[in-house]
2 protein chains.
Amino acid sequence: MRSHTIPRPAVQRISLYLRHLELLAERNVATVSSGELAEALMITAAQVRKDLAYLGQFGRPGVGYRVGPLGDALRHILGTDRTWSVIVVGAGDLGRALLRYKGFTRKGFMVVGAFDISAAKIGKQFGPARVQHLDEMPDVVARFNVRLAALAVPPEAAQEVTDRLCAAGIRGILNFAPTMLQVPPGVAVHPVDLAASMEQLAFRITARR
Amino acid sequence: MRSHTIPRPAVQRISLYLRHLELLAERNVATVSSGELAEALMITAAQVRKDLAYLGQFGRPGVGYRVGPLGDALRHILGTDRTWSVIVVGAGDLGRALLRYKGFTRKGFMVVGAFDISAAKIGKQFGPARVQHLDEMPDVVARFNVRLAALAVPPEAAQEVTDRLCAAGIRGILNFAPTMLQVPPGVAVHPVDLAASMEQLAFRITARR
DNA sequence: TTTTGTGAATAGCTTCACAGCA
DNA sequence: TGCTGTGAAGCTATTCACAAAA
């Protein structure tokens, strides 16, 4: 029975299981045990079994998990068994790096548009996309049925741009601006604060001595 | 009494409290209540009080928290009341964006070196740093007493580079490679997997309907 | 024998609720 | 009255430990 309450931390680990399964698949490994997955992810074997059991019955006692089918199942659960169109908003240094980031493509995220408001940037080609004015964004979102956006604009502009993204139909925002975004229900925000992450490291190596 | 077990999630929130306190300081706000901080961070007021109480007695009943002193205290706890030297390893798109990222500077992280192994990139100037060969890295780490590194190399190279970073004296690694890094005790790793983050968004907007 | 799936136990984190201070 | 600090309660997540399957 599929209880529809997969713990948040477990969902985050699904991406990591999948990452490792893809590595194993490349190496033509057919099966993997919870212990092996645990070692690769630096967690306990019990954790692995519990997580995977939330999603269904994928393992075979005495054998382990079949790499291919488990990978397929995890992709299906994450929703990445299809291609997602993504736009990048903000064509500063970070935005441009995101436009060219191969990791997205490899996972089936296809950048179909880049937006900014600076005349100096509009028209320039970065990676797969030519920068357009933000005013064109709703059009592109509608035409390509875009649901995901990476937001890399200055923090002062983040909320206003977010409102426009949500109005245009965006449902998930990868937020690189160091701000909390207000979004309507049904829209998900995943914050990525690079400076805050660096601070966490500073804390951890300061505290430990 | 300072119990030296601040919960991990609480430590992560410290960065967010600080972020908001800095905003308030800019606006010359003198005091802030747990309720106001809670609203800004989209958490409960009880959570805010509990978190801050782990760190000391900063609030005054009936008044709230004084913005300046609390900010100073949080910076001290995080270890960011001083400047940290940082190196960036890997001068691909992401590495170059990190080199120019203003958010680090604003928080007192100073990029003092950039490294790669590709002859095509060595010698080039990106933001504050000229790219050097990775072989020069231990020298720079020693000379500037660098403890923090941002790692933006291909996943195949990540572990080997990490070993060299740790040997050189790096104690904290912001890891942009989609790999689990093996590090000796005393070295902290903070993973940033952009593709995995995007997957989490895909999941959340897929699951919700 | 190996390894899963899972109830039970434990640990960790958040929220409640209220005494006490300004 | 307004707001903090905090024990107690409640909830969530992880680990244990073992029966059952291959």
Side-chain angles (χ1 to χ4, degrees), chain A residues 1-17 20-21 24 29-71 73-74 77 200 203-204 207, chain B residues 1-17 20-21 24 29-71 73-74 77 200 203-204 207:
Chain A
M1 211 266 293
R2 185 86 69 276
S3 110
H4 238 206
T5 23
I6 308 167
R8 267 271 201 131
V11 176
Q12 303 200 170
R13 285 189 295 268
I14 295 177
S15 288
L16 305 184
Y17 295 131
H20 191 67
L21 287 168
L24 294 175
V29 176
T31 65
V32 64
S33 69
S34 59
E36 288 161 346
L37 278 172
E39 200 194 348
L41 271 74
M42 298 174 174
I43 56 179
T44 68
Q47 182 77 82
V48 173
R49 293 198 298 277
K50 193 62 116 186
D51 285 350
L52 297 181
Y54 286 125
L55 314 173
Q57 306 261 105
F58 295 111
R60 295 250 287 285
V63 178
Y65 302 88
R66 294 205 296 146
V67 170
L70 180 56
L74 297 191
I77 287 157
Q200 293 295 309
F203 171 81
R204 284 163 62 189
Chain B
M1 207 267 294
R2 186 86 68 278
S3 111
H4 239 205
T5 21
I6 308 168
R8 266 273 199 130
V11 176
Q12 305 203 164
R13 284 188 296 267
I14 295 178
S15 287
L16 306 184
Y17 294 131
H20 191 67
L21 287 168
L24 294 176
V29 176
T31 65
V32 63
S33 69
S34 60
E36 287 162 348
L37 278 172
E39 199 194 350
L41 271 73
M42 297 174 175
I43 56 179
T44 67
Q47 181 78 82
V48 173
R49 293 198 298 277
K50 194 62 120 184
D51 286 349
L52 297 181
Y54 286 126
L55 313 172
Q57 305 260 103
F58 294 111
R60 296 249 287 286
V63 179
Y65 302 87
R66 294 205 296 145
V67 170
L70 181 57
L74 297 191
I77 286 157
Q200 293 294 310
F203 170 81
R204 285 162 62 189

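Since the structure is predicted, the reported quantities are computational estimates derived from the model, not experimental observations. Proteins get letters first, then strands, A, B, ... in listed order; numbering begins at 1 in each.
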Under 4.0 angstrom, heavy atoms only, what part of the nucleic acid is B:Arg60 near: base, sugar-phosphate, or nothing? sugar-phosphate
Note: chain B reaches DNA chain D at heavy-atom distances under 4.0 Å over the stretch, first to last nt, 5' to 3', of D:dG2 to D:dA8
Enclosure of A:Glu36 CD (heavy-atom neighbours >12, cutoff 6.0 Å): yes
Heavy-atom closest pair (B:Phe203 atom, A:Ile77 atom, distance to 0.1 Å) is CD1-O, 3.2 Å
Rounded to the nearest Å, what distance is computed from the CD1 atom of residue B:Ile43 to the C1' atom of nucleotide C:dC16? 16 Å
Between C1' on C:dC13 and CZ on A:Arg8, what's the gap in Å once rounded to a whole number? 15 Å
DNA chain D: 5'-proximal contact among B:Gly35 and A:Pro61 (nearest heavy atom): B:Gly35
Considering every strand and a 4.0 Å limit on heavy-atom distances, what is the contact class for B:Gly62: base, sugar-phosphate, or nothing? base
Rounded to whole Å, how long is the line connecting atom CZ of B:Arg49 with atom P of C:dC16? 11 Å
Is there a side-chain polar atom (N or O) of A:Ser34 under 4.0 Å from OP1 or OP2 of C:dT4? yes
Report, as yes or no, whether the 6.0 Å neighbourhood of atom CD on A:Gln12 holds more than 12 heavy atoms from other residues, nucleotides or ligands. yes
On DNA chain D, more 5' by nearest nucleotide between A:Asp51 and A:Val63 is A:Asp51
Rounded to whole Å, please give me the gap between OH in A:Tyr17 and P in C:dT4. 12 Å
Distance in angstrom units between B:Gln12 CD and C:dG12 P, rounded: 16 Å
Please report the shortest heavy-atom distance between A:Leu21 and A:Val67, naming the atom on each side. O-CG1, 3.5 Å
OP1 or OP2 of C:dT14 sitting under 4.0 Å from any side-chain N/O of B:Arg13? yes
Value in whole Å for how far the P atom of C:dA22 lies from CD of B:Gln57: 11 Å
Can you sort out the partners of B:Arg13 under salt bridge (charged side-chain N to carboxylate O under 4.0 Å, His left out), two or more places apart, ordered by chain and number? B:Asp51
Distance-minimising heavy-atom pair for A:Tyr65 and A:Phe58: CD2-C, 3.7 Å
Measuring from A:Thr44:OG1 to A:Arg49:CZ, what's the distance to the nearest 0.5 Å? 8.0 Å
Rounded to whole Å, the CD-P distance (A:Gln47 to C:dG12) equals 13 Å
Value in whole Å for how far the P atom of C:dT2 lies from CD of A:Glu36: 13 Å
